[in-house]
Amino acid sequence: MAKKLMKGAEAMGEAAIQAGCRLFFGYPITPQNEIPEYMSARLPQVGGTFVQAESEVAASNMIYGAAGAGERVLTSSSSPGISLMMEGLSYIAGSELPVVVINIMRAGPGLGGILPAQGDYFQATKGGGHGDYRCLVLAPWSVQEAADLVQDAFDLADYYRNPVLILGDGLIGQMMEPVEFKADRRPCKPLAPKTWASTGWKGDRPRAIINSLFLDPEALERHNQKLAAKYAAMERDEKRVAEVGTDGQYEVLVVAYGTVARVVYTALDDLRQAGVRAAMVRPVSLFPFPYEAVRRAAEKAKAVLVAELSTGQMIEDVRLAVEGRVPVHFIGRQGGMLLTPEDIAARVRELAAGEGSHA
Amino acid sequence: MAKKLMKGAEAMGEAAIQAGCRLFFGYPITPQNEIPEYMSARLPQVGGTFVQAESEVAASNMIYGAAGAGERVLTSSSSPGISLMMEGLSYIAGSELPVVVINIMRAGPGLGGILPAQGDYFQATKGGGHGDYRCLVLAPWSVQEAADLVQDAFDLADYYRNPVLILGDGLIGQMMEPVEFKADRRPCKPLAPKTWASTGWKGDRPRAIINSLFLDPEALERHNQKLAAKYAAMERDEKRVAEVGTDGQYEVLVVAYGTVARVVYTALDDLRQAGVRAAMVRPVSLFPFPYEAVRRAAEKAKAVLVAELSTGQMIEDVRLAVEGRVPVHFIGRQGGMLLTPEDIAARVRELAAGEGSHA
Amino acid sequence: MAQHDVVIAGFGGQGVLLVGKMLAYAGMRENKEVSWFPSYGPEMRGGTCNCTVVISDRPVGSPVVQHPSAIIVLNLPSLDKFEPLLRSGGLLCVNTSLIHRQPRRDDVRVVAVPANDIAIELHNPRGANMVALGAYVGSTGAVSERVLEEVIQETFAGKPGLVEANLQAFRRGVAIGRGESTQEVTA
Amino acid sequence: MAQHDVVIAGFGGQGVLLVGKMLAYAGMRENKEVSWFPSYGPEMRGGTCNCTVVISDRPVGSPVVQHPSAIIVLNLPSLDKFEPLLRSGGLLCVNTSLIHRQPRRDDVRVVAVPANDIAIELHNPRGANMVALGAYVGSTGAVSERVLEEVIQETFAGKPGLVEANLQAFRRGVAIGRGESTQEVTA
Amino acid sequence: MPQIVIDAEGCKGCELCVHACPQNILAMGTNLNSKGYFYARMVEPMRCIGCRLCCITCPDVAITMRVSGTMYHYFAY
Amino acid sequence: MPQIVIDAEGCKGCELCVHACPQNILAMGTNLNSKGYFYARMVEPMRCIGCRLCCITCPDVAITMRVSGTMYHYFAY
Amino acid sequence: MPETLVFGKPTALTEVPTHYCPGCTHGVIHRLVAEVLDELDLTRRTVGIAPVGCSVLAYNYFATDFHEASHGRAPAVATGIKRARPDLIVFSYQGDGDLASIGLSEVLHCANRGEKVTVIFVNNAIYGMTGGQMAPTTMPGQVATTCPLGRDVEQAGYPIRIAELISTLRTPAFVARASVHSPLHAVHAKEMIRRAFRCQKEGRCFSLVEVLSTCPTNWGIPPAESLTWLEQHMLPYYPLGVFKTPEGPDRAPLPLFGGA
Amino acid sequence: MPETLVFGKPTALTEVPTHYCPGCTHGVIHRLVAEVLDELDLTRRTVGIAPVGCSVLAYNYFATDFHEASHGRAPAVATGIKRARPDLIVFSYQGDGDLASIGLSEVLHCANRGEKVTVIFVNNAIYGMTGGQMAPTTMPGQVATTCPLGRDVEQAGYPIRIAELISTLRTPAFVARASVHSPLHAVHAKEMIRRAFRCQKEGRCFSLVEVLSTCPTNWGIPPAESLTWLEQHMLPYYPLGVFKTPEGPDRAPLPLFGGA
Ligand SMILES: Cc1ncc(C[n+]2csc(CCOP(=O)(O)OP(=O)(O)O)c2C)c(N)n1
Ligand SMILES: Cc1ncc(C[n+]2csc(CCOP(=O)(O)OP(=O)(O)O)c2C)c(N)n1
Ligand code: SF4
Ligand code: SF4
Ligand code: SF4
Ligand code: SF4
């Protein structure tokens, strides 16, 4: 298919449809209204169903129902709405259902603002809901990658029977870029038929019980350990990371995800022209976090700089990766303010010169 | 006052009343129903008000309202109910309101089970809601400490204008122990009058606007930085930690919080009698986490063992504290199963003998 | 003994939590350190349910005890579940009115109490828990009988009719616990 | 130039997002790498609103540009906000119909466009954005005028009446941008 | 002839059937089942009119009814 | 005599007052205010009957009314 | 002589004994639903949804595919299932805490969107599973663990009547209230449940049956007396009958006094 | 000659110009509320609650203490404030997405508990702030960005009538619907708002006024025509008037057919 100029939000909606998703349940919230709006127009054209849920709480339970019935299903929201889905997501993870959830993050806490931010990293990666569960979390940096990751997300969700969260950082939802959908795309995982789904029991298989309740603590413990084993498998097999310049020599390693990495990319360009040596690791999967890749790249640097649109969240994972071997510094903006290439370049320069250890 | 045999849940309710809390809004959920039940009987006796909210979502917004009007207010729930409060808590933190929230954790994810667990550590300490915010988190290990921490929680909440979360691990709510309320208790922080509260504007002060919305990103960024500075002040001033045997010689350091630490305590006793040298650090404040104390104590050991009723959450903070200087191991039970002194002692023995590095 | 720890187990509705609490109260009255910890399923009635009581001279460490020094089991599922966990040399109080199998352990002391039968005999059908509690107290001396009788009096102060009935049930249990009156475990 | 980046700013309702998109479309048609990024307040109408368009020969790094090479400002708050950020030597397109102060920068190129006046004159009062866009394109050649005219034709294909009106508005702007027709900045 | 069978293990001793029976021919027994309930029993089977009110009432489907011989017409419900 | 004052800067040009006025004496102006709106103006002040319907209608409280001299009785609302 | 089973377990129920307290009428309502599923030949294409509440384990008792739902959200889960698989028969089974308190929004919106599902709403005027707290349906003066002096209408308002509330929405097809405090009422309740499922089978939209039920344990009243308590205290406030039919009139009340 | 100001800004409004679109009647409703607060002498002891929606910035416009609430939860916030400080006059101001969609449960429970607060419910049949999505109150056939072909009652059901719904609860004291599409209707709307606040002032429980309002921008209809659209399309489905008074009858509908 030819390239089209699309908003990130719309491209993600189209990607879901291309991935065979025929069901969307969601509630409007800026800055991602273009996703439900796109779906409300497109889904009926492909025989699918769009339902405007009465709330995000309801939406998270509608996708639970639809996924339990064996269908691919999407919801999307932005930070406050995602917070309302925490109980629902915990149920979905506990019941091992495949769903895809898009969070186009805006600035918080509370009502905050509607401009881009990355303050929901902890919520997404550590599990904002209760109990021991994890979402697989993917963070795109361009409209094209957003579309690609949404498609992969459906495969990953089905393969692991686990929620997959697309963590867009607010820029990605609103930004327009050219995007291309490949007609001959193959699933990124081998997919088994959903024999566990609730489709009416005719006695030809065990009854389908979609459930996260285990009254027997030993059974619940086994279930917890089964989930933990699944998350360990993700940590082994699903790490995704992009690196820029880590094969060469550099003094400063910058770690950033999402569109912030684009800003870093521009900064690295400028720095290279100015003769300052720096490299970047961009985690694409935030859970599983690419600890190994970050550690390896960090060991070659004399300082690590983490750039986030928050007061510092991913930096904890970077510090867990680096384990004190190299000093880890932070640069961030908040509230919808954006980091600029100039900000990053200045800070990298400082660190390369051995200053800035005050942070 | 004389000692009384009380359930942890009831002791916490009484502690709130002793701390001057006259308002409770909450929704029933096992295993903490004794808190609302106690409050529904006791509050009217002291001129207070008990409201059974229609849901935890509503409860979190009722406490927002009551706190904004300048009154001390409590809610309590257990894991799934707390997940439903994530949006509300983010608003409360964003609006800088003092509230106290008790989470008597049960096993998850999803509906899970009603037996004790510690699977909500990440949610509590990293912020399960959206945006950059933190709750101050306190974790008692006995009914007496539960009562004491609840009283302190009200002072800390008022002082910092921030939500304080009491993270009870399920045993604490149901367990009965003798407890004493001191008649002459003083606030643990100096408290200023709540001139910011919404009490009707008569023109004698700026209008009280209880709010987390900042349309101007620069203003929101300043607000985020103000909040960050507040959290930094907590990290400086509010770390609470208890240590057992860390002043002596030991080979293994165990880190545990809540009633699990009681189990560790018994195990250490048994180990001492058997001549195995081990010590314990028990974080009482989980945010701020006592990184420094853990690091210092860990450096004296040849191995660190983290004991949790989860698949491993606090262990990340322990690893951030230790930064690779000493190997950090994990022992946990899930699903409502409890660690026993025998489990812990066996593992400590292994580690003291230099085995068990497979974990 | 420095520490008595006992698990009391049965169906919900058999009153195992209540007698556990009474035991803890009695311990507290004797200036011991005590803890009481319950565990139950989701059913209001009929599910299994148990509590652990620790009475100690020193601060109580773990309120949950894997290998208790005594167990009081009022129904078969509880016997099946807790018998293997009882500490060697410990005490097994078994309600032979509802449990028709022999204990399997031979390294523990068994007190057989036809608790429901005695309760019915005393026209206090809900008093089986008191009988069993009596048997435990009579057999271990974990708390003094006198103090526990005071606790019974206080507990049922609101319903005076029940005080005497429960005292009687308790004393019948004590007698069995002391070995003054033994009964066969019926097969 | 390898990269054109422009911020287009005004009130919501002035159509700044739309002309930004049209510019990006035109860039894409010319096989350039492009990005378009909007920023707006909560008001549907009357609030301020802007977008950043990047047109480049290489993959676009940051879609947000702190010091753009051009700005098109349709109202006073936008001039106040973006004038200081404009890159030295950059282009400042200013809508003199609504902005009655002189630009302060002396290190930039200023194109003064009485966009609303021209739009009203053309009986296309909502076409001020097109006039301003024309001025930018005429002045920078960021994209070819022909391609942009094609985009206008496609954009308004559904409302044929608007095609001609907007083409006219655009061309008037181009003429000003090229310097073929200048207008005084009215004080 | 209607034949009422009460499942002693399934009965929870709630007594509802005893009250429901218009013939007053059900009663609570004096034996405990393995769950500790005194279960209901049929006292005068010959007087049973086969109305099924006990069956309809029992929350635990512990009462079933068979008929031997001529079928009555039962009200549909 | 009633005196209608329209705040040019407060007016958003919605035209509602123009339609509300029973005397048809309000009209939209041809000047833009600083927010870019053509604002309303009073055309024939002498014909104003002081009914306040324009005031009641204006969503932006951009119209105020004063009375000089004798007070009319206004309907309470 | 040939023997015929004239009353036994419906095939839509499993053999698993329920965990309900002695005399709790949840069991009766389960059986009525199961009998209807069998009689309408729906059992093999039905998916049920269990609430959080005493009936949380309903999936152990119904011999159909089942979902557990988070507390109160069963109607949203039902929406998800039915929209995904319109060929299935979908019903939720919910208590009054679940449906009338935390889940009020979900059931109203599900009804108002006209989802083609059936809701069985068990109103026992209290929270059973969590040990007897006040529900929105608790009667004035009724004691519960969170209103130890009885429900005070000054503080907690009057009980919510769900059938009335939902029947005033224009969209839903069938709304009724029934009770199971006597065999006769159980027969009527079954008829209401049958009509509700028949609606769904015929492709009509939302149907709901509110069923008055007892909770002897948490009411603290023996089972047989509980039936009487229901009749005396609940029936007068919760009238039985059909509130809305597919063909029936718009039941939204008109203004008492018109305006402007 | 002496000059008297016979129409000006009420003191309960600040001098800040609103951010509302030209012709949006949110501004009228703000003014009516403010005038009532002034007239009843409540301004200095009032706390308002702004929703998430176009009126999210209401705290900039009312000269009283104010809370911002999370989306839909203003009635819960109101409950918290009023229970903490019964001496205050507490009102929430909410749009139809806020109140009738995400916040339906909160407003119904607040009403049903009989909280002594006032809710001003602005029904403009669409989501304004987020750019014109369908609301539960959107009219059949009305186009919105999430129903680009018009609201399809087969998929999304009929619009919810909030005044009707809430008036069938037994507890609340005063429920009315008004409109501001003409000056005459605004006069009536003010009377309804006055009665609602008077209820609260007198210590009575929950009062709610639903006010029909326009959204020229998202309806895509110029302001003056929007008033006509409201009159022609909304009025017939949303009748104006008083639905419930403190003294009035219980308005719950009776069964169409009785049962058992
Ligand atoms: C989010 C959440 N809140 C609260 C609970 C606790 N809870 C479980 S069941 C229940 C209420 C049960 O009452 P009801 O719905 O009336 O059903 P019943 O048990 O009476 O049949 C509550 C509050 C929960 N599991 N999840
Ligand atoms: C939890 C949450 N969900 C969604 C939103 C996004 N949102 C903001 S306002 C709004 C709806 C506004 O519509 P309405 O309540 O009808 O008010 P109006 O703007 O029309 O006055 C929505 C969905 C949000 N801020 N928070
Ligand atoms: S069928 Fe009727 S008569 Fe026979 S036992 Fe049952 S209730 Fe009694
Ligand atoms: S109704 Fe059923 S459970 Fe109750 S006593 Fe009769 S047979 Fe037993
Ligand atoms: S007061 Fe009445 S007559 Fe005068 S301008 Fe206003 S609407 Fe017209
Ligand atoms: S109603 Fe108000 S805002 Fe609208 S045109 Fe008239 S004066 Fe201007």
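First the proteins, then the strands, lettered A, B, ... as listed; each starts at 1.
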* Asked: Which pair of non-hydrogen atoms, one from F:Ser68 and one from H:Glu3, has the smallest distance, and what is that distance?
  -> CB-CG, 4.0 Å
* Taking all non-hydrogen atoms of both residues, which atom of F:Leu53 and which atom of H:Pro183 are closest, and how far apart? -> CD2-CB, 3.5 Å
* For F:Asp60 and H:Thr18, work out which heavy atoms get closest and say how close. => OD1-OG1, 3.2 Å
* Residues which pass ring-ring contact (aromatic ring centres under 6.0 Å, His included) with H:Tyr93, listed by chain and number, not counting sequence neighbours -> H:His26, H:His30
* Structure fact -> Closest non-hydrogen atoms of H:Arg31 and F:Ile56, given as atom of the first, atom of the second and distance, are NH2-O, 2.9 Å
* Sorted by number, residues from residues 33-46 of chain H in contact with chain F (heavy atoms, under 4.5 Å) -> H:Glu35, H:Glu39
* Asked: By a 4.5 Å heavy-atom criterion (distance strictly below it), what part of F:Glu9 contacts chain H: side chain, backbone, both, or neither?
  -> neither
* **Close contacts, residues 7-16 of chain H versus chain F, judged by heavy atoms under 4.5 Å** => H:Phe7, H:Gly8, H:Lys9, H:Leu13
* Structure fact -> Of all heavy-atom pairs linking F:Tyr37 and H:Pro22, the shortest is CE2-CG, 3.6 Å
* **F:Lys12 side chain vs H:Tyr20 backbone, donor-acceptor pair below 3.5 Å** => yes
* Quick one: closest heavy-atom pair of H:Cys24 and F:Pro59, and the distance? => O-CB, 3.2 Å
* Structure fact -> Among residues 222-238 of chain H, those lying within the under-4.5 Å heavy-atom range of chain F are H:Pro223, H:Ala224, H:Leu227
* Structure fact -> Turns out that what part of F:Cys58 lies under 4.5 Å from chain H's heavy atoms comes down to backbone
* Structure fact -> So, the part of H:Leu184 with a heavy atom under 4.5 Å from chain F: the answer is neither
